[in-house]
Amino acid sequence: STLLNSPQETVLLLDVNGTVLNINLNGAKRFGMSPEEMVGKNIYALIPEPVSSERKRIIAEVMRTGQPAHFEDQRQNLHLMNSVYPVNDPQSGELLGAAIFAVDITERKQAEARIRKLNRAYAMLSEVNQAIVRLRELPALFDKVCQIAVQVGGLRMAWIGLVDGSSRPLQVVAQLPHAGEEVGGR
């Protein structure tokens with residue numbers, strides 16, 4: 001029990017019908033239960049559809065082929081890397097069930113998303129710098145900067161406004177999408 005509860009990951013042992021034989025404390029908490037409450041219950045009854053059917057398919061395939069399966073999963077704000085392994089009797093080779101390990105990779109996924117966002121910002125900045133060097137006319141430059149912000153930066157829209165020095169009203173000098181156009185499918 002101590003060994004099973006030492007990892008921060010979910011560790012779960014199922015029989016061939018999907019009945020929980022053992023689960024560590026961290027895994028049971030993810031289901032909002034204690035390990036004692038989960039043992040003897042069918043795992044597929046504890047997971048909502050359509051996730052339950054997909055898990056049943058994956059686990060059945062692992063048991064049928066004897067080959068492990070690895071897949072990512074997202075529930076609410078939690079990202080998991082799941083590994084499913086067949087469990088066989090060491091003497092007879094008879095299939096006993098499946099062992100499942102689920103590792104929380106939420107922080108890694110969040111870091112990857114931040115890196116993608118920073119890479120888009122860097123690419124956008126780089127292309128804007130190139131446009132500044134190449135384009136001499138301000139209207140063309142402003143249009144290009146808006147285009148880069150939307151197409152490279154991944155923004156839904158972009159606009160540039162200038163303040164008139166005398167009366168101070170803001171005047172939009174470039175925008176994408178243009179007034180009256182639908183915003184692209186982002």
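Keep in mind it's a predicted model, so treat the numbers as computed, not measured.
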For residues 109-118, tabulate all N or O donor-acceptor pairs below 3.5 Å that involve a side-chain atom, not counting sequence neighbours.
unit_1 : atom_1 : unit_2 : atom_2 : d
Lys109 : NZ     : Glu72  : OE1    : 2.7
Glu112 : OE2    : Arg108 : NE     : 3.2

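Under the rule for a salt bridge (charged side-chain N to carboxylate O under 4.0 Å, His left out), Asp15 has no partner lying at least two apart in sequence or in another chain. Annotation: side chain to side chain donor-acceptor pair (under 3.5 Å) contacts of Arg30 (sequence neighbours excluded): Thr10.
Residues Arg120 and Val152 fail the side-chain proximity criterion, which asks for heavy atoms closer than 4.5 Å.
In terms of heavy-atom proximity, Ile132 sits nearest to Arg136 at O-NH1, 4.1 Å. Nearest heavy atom pair, residue Glu9 against residue Val103, reads CG-CG2, 3.3 Å. Closest of all the heavy-atom pairs between Ala98 and Val87 is C-CG2, 3.8 Å. What you find for Ile47 and Ser52 is that their closest heavy atoms are O-CB, 3.2 Å. Closest heavy-atom contact between Ala158 and Ala149: CB-CB, 3.7 Å. Considering every non-hydrogen atom in both Ile23 and Gly27, the closest pair reads CD1-C, 3.6 Å.
Between the side chains of Asp104 and Thr106, at least one donor-acceptor pair of N or O atoms lies under 3.5 Å.
Separating the CG atom in Asn82 from the CD1 atom in Ile59 is a distance of 9.0 Å, to the nearest 0.5 Å. Atom NZ of residue Lys144 and atom CD of residue Gln130 lie 9.5 Å apart, to the nearest 0.5 angstrom. Between the CG atom of Asp73 and the CD atom of Glu54 there is a distance of 9.5 Å, given to the nearest 0.5 Å. Note that the CD atom of Glu61 and the CZ atom of Arg57 stand 7.0 Å from one another [nearest 0.5 Å]. To the nearest 0.5 Å, the span separating CE on Met38 from OG1 on Thr19 amounts to 11.5 Å.
Here the side chain of Glu127 pairs no donor or acceptor atom with the backbone of Met124 at under 3.5 angstrom.
The ring pair (Phe, Tyr, Trp, His ring centres under 6.0 Å) pairs that include a residue from residues 30-49 number zero, where partners must be two or more places apart or lie in different chains. For the ring pair (Phe, Tyr, Trp, His ring centres under 6.0 Å) condition, no pair includes a residue of residues 134-161, sequence neighbours left out. For residues 56-82, the ring pair (Phe, Tyr, Trp, His ring centres under 6.0 Å) pairs, not counting sequence neighbours, are His70-Tyr85.
Tested against Leu14, the residues Leu96, Asn42, Ile43, Val84 include a single side-chain contact (heavy atoms from CB on, under 4.5 Å) partner, Ile43. Applying the side-chain contact (heavy atoms from CB on, under 4.5 Å) test between Ile160 and each of Leu176, Val145, Asp143, Leu141 identifies Val145 as the sole match.
In the hydrophobic clustering of ILVMFWY residues, with side-chain heavy atoms under 4.5 Å counting as a link, Met33 and Leu21 come out apart. Cluster membership check: Val133 does not share its hydrophobic cluster with Val128, using side-chain heavy-atom separations under 4.5 Å among Ile, Leu, Val, Met, Phe, Trp and Tyr. There is a path of hydrophobic side-chain contacts, each under 4.5 Å, that joins Ile58 to Leu95. Ile148 and Leu125 fall into different hydrophobic clusters, where Ile, Leu, Val, Met, Phe, Trp and Tyr are joined by side-chain heavy atoms under 4.5 Å apart, directly or via other members. Hydrophobic clustering (ILVMFWY, side-chain heavy atoms < 4.5 Å, transitive): Leu78 and Leu12 are in distinct clusters.
Dense packing is recorded around CG of Asn119, with more than 12 heavy atoms of other residues, nucleotides or ligands lying under 6.0 Å away. A 6.0 Å sphere centred on CD of Glu49 holds more than 12 heavy atoms belonging to other residues, nucleotides or ligands.
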Could you walk me through whether Arg156 and Val150 satisfy the side chain to side chain contact (heavy atoms under 4.5 Å, CB included) test, starting with their C-alpha distance in whole Å, then the side-chain angles of each, then the deciding distance to 0.1 Å, before giving a yes or no?
CA-CA 6 Å; Arg156 289 188 175 273; Val150 171; over 6 Å; no

